[in-house]
Amino acid sequence: MASEQTLDPQDWDQFALLAHRAVDDMLARHRSLREQPVWQDVPAPIRRDLDERVPMEGIGDEAAYEQFLCHVSPYPTGNLHPRFWGWVQSNGFPLANLADYLASGLNPHMAGFNDAPALVEKQVIDWMRQLMEFPEGASGLLLSGGSMANFTALVVARNEIAGYDVRADGVHSDIPFYVSAETHSWAKKSVEVLGLGSKSLRIVPANPDTTMSVGALGEMMRSEGRPGIVLATAGTVNIGATDDLEALADLCDEHGVWFHIDGAFGALAMISPRLRHIVKGLDRADSVAFDLHKWMYLPFEIACVLVRDGAAHQRAFSQRASYIEGLERGLIGDGLEFAELGLELTRGFKALKAWMAFKAYGISKFAALIEQNVEQAQYLMGVVEQQAELELAAPVPLNIVCFRYRGSNELNQELLLQLQERGIAAPSSTVLDGKFCIRVCFVNHRTQRQDIDLLIEKALEIGAELAANRL
Ligand SMILES: *Cc1c(COP(=O)(O)O)cnc(C)c1O
């Protein structure tokens, strides 16, 4: 019947040509990244084109793809590139890109139906549990990012620590959240959304290396005299510092305080035999959250939360309704397991890219890449220390180097902007002790020594130009 509609291709052979072309184009791009600029600003005409009226009539799939090629594809964030070191953004890699296509193609509903994709997600979560050395019986969930993974853990922690039925009664008391000045901004957002208010944040004084002072925290807990929640960090976003997790675990045990670790990237040090000493004590946390789209190099989005007490995790989110009740057999089997561990009901198959990549390359490959990134940070630190014009702005405990060109904040800001705008490299910035710093974060599996050498060469060149112009 000609009048019946669908979104499937009218001509499958024709569409297969387009699909293959799209794959070939993206692979060609990935093969030649080092020859491309790291980042380019979206030109004004393209910006204008990307602000158009609702397309009531279609232009066809080939034309839509052509528009992607000329309007979108040349102007992404730039984090594909070997010289992208801004914030904490990894590159992704072709096998995982392919897995995302396959996941979207299968399009399973990941609330926890009785199907193979659910078994794949359970498998990935269990691998993560083993790598983080959490006990059997711990539970976990894959989430869109570190913010959501941390938030999910805090819902569990809040409900367990409150001492009353938060789900029935709502929040009606303060809970102390112990954080440091270096705790990532998700924490403030989260306690606000959790109904506890940002006043519940207790900022624990820091040691000179920016980690939480365990002595000061102990005193705060004693004077508070009631349970609370510690938000420790493995790998701070500014300089990559890790709190003394072992000592914090002891303190939390002693005071009956929930021990949560934000290990967005730092937790992954656990998978490297050479680096795991940095996160010693991580396995003692009540909950830990970490990204797989940072230091496991997977494309956005994928993160993981683990909760030691799996029953507590389920108590926080479990919700039964007649239309999603388990039926023992059939599609809905034992109920919707993943929906009972977080806020989301419909979820995508983000587990597939992790499952395929870990099977294809093995965790040891990822451990070697993490070690390579740490060595790159050490190398850059050494080069900065050798250059009279440059100065190190902070210690380098992990994979982040903060440095400056000797001179004003204005000079350093202009230097950073020129590196980005000329497409040379993309570090980001931070301000440490009032000083504007260039911040280079290595979670990039494409970076090579030559890229770091180029960064230094250009930073010295541009810095000297700016200094000559008295910036
Ligand atoms: C990136 C980061 C987050 C937030 O994770 P998203 O994946 O961006 O939501 C939280 N904490 C730390 C330490 C981070 O580096």
Side-chain angles (χ1 to χ4, degrees), residues 77 79 84-92 96 128 132 140-155 157 177-194 201 203-204 206 209-212 229-243 245 248 260-270 278-279 282 285 287-306 342-344 347-348 350 353-354 370 373-374 377 394 396-402 427-430 432 439-444:
T77 319
N79 54 332
F84 188 99
W85 302 300
W87 305 277
V88 194
Q89 297 188 21
S90 186
N91 327 86
M128 292 301 115
M132 296 298 154
L141 187 67
L142 299 182
L143 289 133
S144 55
S147 302
M148 284 308 299
N150 278 300
F151 175 80
T152 302
L154 288 206
V155 175
F177 279 83
Y178 302 100
V179 298
S180 79
E182 296 297 316
T183 304
H184 192 280
S185 56
W186 69 266
K188 183 159 179 283
K189 247 195 219 178
S190 293
V191 294
E192 288 168 4
V193 174
L194 285 166
L201 296 177
I203 300 180
V204 180
D209 63 1
T210 78
T211 60
M212 242 185 223
I229 299 167
V230 164
L231 306 186
T233 306
T236 57
V237 67
N238 261 338
I239 70 164
T242 295
D243 292 325
L245 304 178
L248 292 177
H260 173 74
I261 299 175
D262 173 9
F265 56 98
L268 278 311
M270 278 295 273
I278 296 170
V279 289
L282 184 139
S287 52
V288 61
F290 48 96
D291 282 301
L292 301 179
H293 62 211
K294 284 181 175 171
W295 231 1
M296 290 300 256
Y297 311 97
L298 287 165
F300 306 132
E301 309 155 334
I302 183 168
C304 182
V305 64
L306 296 175
L343 199 57
E344 295 171 326
R347 307 166 61 248
K350 45 175 95 68
K353 56 191 165 198
I370 287 174
N373 283 153
V374 169
V396 181
L398 203 56
N399 59 332
I400 299 173
V401 181
C402 293
S428 57
S429 63
T430 190
L432 300 174
R439 175 182 166 286
V440 181
C441 175
F442 293 100
V443 287
N444 187 323

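Both counts, for ligands and for their atoms, begin at 1 and track the order of listing. From a predicted model like this one, the values you see are computed outputs, not experimental measurements.
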Checklist entry - Has ligand 1 got any nitrogen or oxygen that is less than 3.5 angstrom from a nitrogen or oxygen of Val237? => result no
Next on the checklist: If the cut-off is 4.0 Å to any non-hydrogen atom of Asp291, which atoms of ligand 1 fall inside it?
Outcome noted: 5 (O), 6 (P), 7 (O)
Checklist entry - Is there a donor-acceptor pair under 3.5 Å between the side chain of Ser287 and the backbone N or O of His260? => result no
Item to check | Nearest-0.5 Å distance that lies between atom CZ in Phe177 and atom CG in Leu201 | outcome: 7.5 Å
Item to check | atom 13 (C) of ligand 1: nearest protein contact (heavy atom, Å) | outcome: Asp262 OD2, 3.4 Å
Checklist entry - Is the closest N or O pair between Asn150 and ligand 1 shorter than 3.5 Å? => result no
Next on the checklist: Within the 4.5 Å heavy-atom criterion, are Phe151 and Val305 side-chain neighbours or not?
Outcome noted: no
Checklist entry - Looking at Gly146, which atoms of ligand 1 are within less than 4.0 Å of one of its heavy atoms? => result 5 (O), 6 (P), 7 (O), 9 (O)
Next on the checklist: I'd like to know whether ligand 1 has Lys294 as a neighbour, heavy-atom separation below 4.0 Å.
Outcome noted: yes
Next on the checklist: How long is the straight-line distance from CE of Met212 back to CG of Leu231, given to the nearest 0.5 Å?
Outcome noted: 7.0 Å
Checklist entry - Are any of the N or O atoms of Thr233 closer than 3.5 Å to those of ligand 1? => result no
Checklist outcome for this item: Among non-hydrogen protein atoms, atom 12 (C) of ligand 1 lies closest to Ala264 CB, 3.3 Å
Checklist outcome for this item: If we number the atoms of ligand 1 from 1 as shown, the ones under 4.0 Å from a heavy atom of Gly235 are 13 (C)
Next on the checklist: Under 4.0 Å from a heavy atom of Trp186: which atoms of ligand 1 are those, numbered in the order shown and with their elements?
Outcome noted: 10 (C), 11 (N)
Item to check | Side-chain donor or acceptor of Asn91 paired with backbone N/O of Asn79 under 3.5 Å | outcome: yes
Item to check | Min side-chain heavy-atom separation Met132-Phe290 under 4.5 Å | outcome: yes
Next on the checklist: I want to check something: taking the side chain as every heavy atom from C-beta on, are Arg347 and Leu142 in contact at a cut-off of under 4.5 Å?
Outcome noted: yes
Checklist entry - Got Lys189 and Ser147 here, is their nearest side-chain heavy-atom distance under 4.5 Å? => result no
Checklist outcome for this item: Within 4.0 Å of some non-hydrogen atom of Phe265, the atoms of ligand 1 are 15 (O)
Checklist entry - For Leu245, does its backbone N or O pair with a side-chain atom of Asp243 as donor and acceptor, under 3.5 Å? => result no
Checklist entry - Which protein heavy atom lies closest to atom 4 (C) of ligand 1, and at what distance to 0.1 Å? => result Ser147 OG, 3.6 Å
Item to check | Close-contact set for ligand 1 against His293 heavy atoms, below 4.0 Å | outcome: 7 (O)
